[in-house]
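Reviewing the structure listed below.
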Amino acid sequence: MKIAESPITQQLIKWEDLNADEYIRELDRGEKEKLEYHVRHTELNTEKILASLTDPIHEDDSTTIPERVQQLESKLDTILKQQDYLNTMLHFIADSVAKTRNKPLPPPDLFTSSDVPSGSTTIAVRPDSTSKRYINKRSTPCIARPFEENKLKAISSQNMPKMKHVKALTVDYYTVRRMEVPSSLIPWEKVWYEYEPPSYTHPIVLEGPAWADLDFLDPKFAEQKKSVPWNKLDTLKKVDRRSFMGPYSLGKEDLLPRNPVGRTGLRGRGLLGRWGPNHAADPIVTRWKLDVNGERVSKKGRPVLEFVAITRKDTGDVAIPGGMVDPGEQVSVTLLREFLEEAVNLNTGENLAPSALNREQKLAKVKQLFFKQGNEIYKGYVDDPRNTDNAWMETVAVNFHDDAGNLKDSQLQGGDDAKNAFWLEVSSGIKLYASHQDFIKKTAELHGAYWSSN
C-alpha cells in the first residue's frame, strides 16, 4: 500500500530536486571555467584550422576564375575567424597560467608579422581597445567655466581613470546571475564564440512606462525597432540616443546597441528604460568645512571640502544626488530638479524660527547657486551595476561650490529616491555608489582640497 506523502514531505522533495538540478548546473559552469576545458577546445580548433589549410577547393572545368576567387576568399575568411578565436583563447590560457605562477607570461600569437613573407600584403589586423575607433575625446572631464548654456572648458583626462567594467560585472542582478566575463574578453573586438549571456529586463520596465522603450527583443516589435534613430536625437520620443562615448555599434543579430565599454555578462535592459545610453545628471554640491570659529579646517596643509551626499533607497549605498534626464529636458534643469527632490527640504513648518527662510526664498537661494557657479567635472560612461550589454548609464557631473553660503539656512532632507541627505567630508576613505568616488576626487583636485593622507 502506498503511503500518502504529507504536504511538508512533498515540499522537501521538490526542494531537494531543485537544489540537485542547480548543483548539476553549477558543476557544468565550473567545468567550463576550468583551464583544461579551454585547452581542450583550443586543441580541437587548431586541428580544424590545419584541416582547412589542407582541404582542397572543389572545382571542375566549368569553374570560372571569379568563382575560384570567391571560394578562396570564403576559405580565407573562415581561417581568419578561427585564428582570432584561437588567439583569444591563448591569451586566456596564458593569463590563467600566469596567475598560478604569480608572474606575467606573454601569450603567443598564432600569426605574427614574422609569419608574413616580405613583400606580401597584410590581409587582417587584430583590433584592440587602444585603436582610434575606441578612443573617446568627448568623455574627458571638464571644469572651470560657468555652467550657463553648457559652455564648458575641457581639461586633460590624465587624472580621470579610464572607464572599465567593475561594478557592471556584479554577478547577482536581482533574480538572475550574469555570465562570468574574464577581463581579457570584455572588449567586443575579442572574438568569443561561446559568449551566450542570459537576458533580463525587469518587469517594471516591461510594463511600458513613459520612461522606457519597447521590448525590442520581442519579435512583435521588429518593425518599430527598424525606425529607431540609434546614435541620433530621437525627435519623436524626445530622447537623446547619442552617446558621450561616440557612435556605438549594433549587434549583428539583434540589431540592438552594444555597450561601448564591452561585455557585461547580461543582455536586455535590466532596470534601465532605454536601449543604449540612459542619460543622467549628478549635481556635486560642495562647501568648505569650518570649525566652531568659522575658520576653514585643514589636513596635510590643504583645506577640507564637504559635499551633499544621500543614501539610496534601492541599494543603501552612499551617493551623489542625481537622476535620469526626462524626455526633452535640459541637463541644467535635471540637475536642479534632482537636487531639490533628493536633498533639500523646501517645506516651512510651524516649529521653524521666525527668521527662517520661506519656501520661495530657499528656492531662490538654490537657483542662485545652480545657475551661476557650475563647473562640469565629468561627462561620459558610468560603471554602474545596472548596466547590461544593451543598456548603460551615462552622466554629466557638475560641481556647484557654495562659497557664498547659499545653502546655509536650507535644511537637507532626503526625498524621492533618497533615504536621507547630509553633508559628508571629502576624503579617499569614503565608499560611494557607481563611479561617484572618481567624480568627488576630481572635484577635490579642482579646488586644491584635501583628498588622501598618503
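Since we're looking at a predicted model, the values are computed, not measured. What's counted below: heavy atoms across the whole structure, side chains too, no hydrogens, waters or symmetry copies.
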Test side chain to side chain contact (heavy atoms under 4.5 Å, CB included) applied to His165 and Thr170, Val181, Val261, the passing residue: Val261
Under 3.5 Å donor-acceptor, Thr388 side chain and Ala391 backbone: yes
Minimum heavy-atom distance Met324-Met393, with the two atoms named: SD-CE, 3.6 Å
side-chain contact (heavy atoms from CB on, under 4.5 Å) between Trp451 and Lys441, worked out: CA-CA 7 Å; Trp451 172 250; Lys441 180 181 180 181; 3.6 Å; yes
4.5 Å side-chain heavy-atom contact, Val304 and Ser298: no
For Val285 against Trp423, the heavy-atom pair lying closest together: O-CZ3, 3.8 Å
Beyond-backbone contact of Tyr433 with Thr315, side-chain heavy atoms, under 4.5 angstrom: yes
Crowding at CZ, Arg312 (>12 non-hydrogen neighbours, <6.0 Å): yes
Closest contact, heavy atoms only, Leu256 versus Asp254: N-OD1, 2.9 Å
Sole candidate of Trp392, Trp188, Tyr381 that passes ring-ring contact (aromatic ring centres under 6.0 Å, His included) when paired with Tyr248: Trp392
Ser199 and Leu217: CA distance, side-chain angles, deciding distance, side-chain contact (heavy atoms from CB on, under 4.5 Å) verdict: CA-CA 9 Å; Ser199 179; Leu217 286 176; 3.4 Å; yes
Pro198 side chain reached by Met179 side chain, heavy atoms, under 4.5 Å: yes
Evaluation steps, side-chain hydrogen bond (donor to acceptor under 3.5 Å, both in side chains), between Glu306 and Thr286: CA-CA 5 Å; Glu306 294 180 320; Thr286 57; over 6 Å; no
Asp326 side chain vs Glu329 backbone, donor-acceptor pair below 3.5 Å: no
Heavy-atom side-chain contact between Val396 and Tyr378 under 4.5 Å: no
Side-chain donor or acceptor of Asp383 paired with backbone N/O of Val166 under 3.5 Å: yes
Side-chain (Asp213) to main-chain (Trp275) donor-acceptor, under 3.5 angstrom: yes
For Lys238, side chain to side chain contact (heavy atoms under 4.5 Å, CB included) partners two or more places apart: Pro327
Face-on cation placement of Arg274 at Trp211 ring, 6.0 Å and 45° thresholds: no
Flag side-chain contact, heavy atom, 4.5 Å: Pro303 against Tyr450: no
Candidate pair His401 and Trp288, rule side-chain hydrogen bond (donor to acceptor under 3.5 Å, both in side chains), full reasoning: CA-CA 9 Å; His401 186 65; Trp288 295 115; 3.2 Å; yes
Minimum heavy-atom distance Arg302-Gly448, with the two atoms named: NH1-O, 3.2 Å
Val426 and Leu424, any side-chain heavy atoms less than 4.5 Å apart: no
Arg241 side chain near Val228 side chain, heavy-atom distance below 4.5 Å: yes
Interatomic spacing from CG in Asn399 to CD1 in Ile377 - rounded to 0.5 Å: 5.0 Å
Sequence neighbours excluded - ring pair (Phe, Tyr, Trp, His ring centres under 6.0 Å) pairs with any residue from residues 289-320: none
From CD1 (Ile430) to NE2 (His436), nearest 0.5 Å: 11.5 Å
NZ-NZ distance between Lys365 and Lys367, expressed to the nearest 0.5 angstrom: 14.5 Å
Residues Asp317, Leu432; criterion side-chain contact (heavy atoms from CB on, under 4.5 Å); working and verdict: CA-CA 7 Å; Asp317 293 323; Leu432 301 178; over 6 Å; no
Approximate separation, where rounding is to 0.5 Å, of Glu394 CD and Ser243 OG: 3.5 Å
Intermediate values then yes/no, side-chain contact (heavy atoms from CB on, under 4.5 Å), Ile320 and Phe439: CA-CA 9 Å; Ile320 300 167; Phe439 304 158; 4.2 Å; yes
Lys237 NZ: over 12 foreign heavy atoms closer than 6.0 Å: no
Worked check of salt bridge (charged side-chain N to carboxylate O under 4.0 Å, His left out) between Asp172 and Arg177: CA-CA 5 Å; Asp172 294 316; Arg177 290 175 66 86; 3.0 Å; yes
Distance, nearest 0.5 Å, that separates CD1 of Ile284 from NZ of Lys442: 12.0 Å
Any donor-acceptor pair under 3.5 Å from His202 side chain to Ile204 backbone: yes
The single option from Asp384, Asn390, Asn387, Val205 passing side chain to side chain contact (heavy atoms under 4.5 Å, CB included) against Leu272: Asn387
Atom NZ of Lys232 with >12 non-hydrogen neighbours under 6.0 angstrom: no
Spatial distance of atom OG1 (Thr311) from atom CG (Asn420) [nearest 0.5 Å]: 3.5 Å
Leu206 side chain reached by Pro203 side chain, heavy atoms, under 4.5 Å: no
Which residues share a side chain to side chain contact (heavy atoms under 4.5 Å, CB included) with Glu295, sequence neighbours left out: Asp291, Asn293
Which atom of Ala281 lies closest to which atom of Leu335, heavy atoms considered: CB-CD2, 3.6 Å
Candidate list Glu425, Arg296, His447, test side chain to side chain contact (heavy atoms under 4.5 Å, CB included), partner Leu305, passing option: His447
Whether Lys299 side chain and Ala449 backbone form a donor-acceptor pair below 3.5 Å: no
Any donor-acceptor N/O pair, Asp389 side chain to Arg263 backbone, under 3.5 Å: no
Over all atoms of both residues, closest heavy-atom pair of Arg269 and Tyr173: O-OH, 4.2 Å
Whether Ser427 side chain and Ser452 backbone form a donor-acceptor pair below 3.5 Å: no
Donor-acceptor under 3.5 Å (His279 side chain, Asp240 main chain): yes
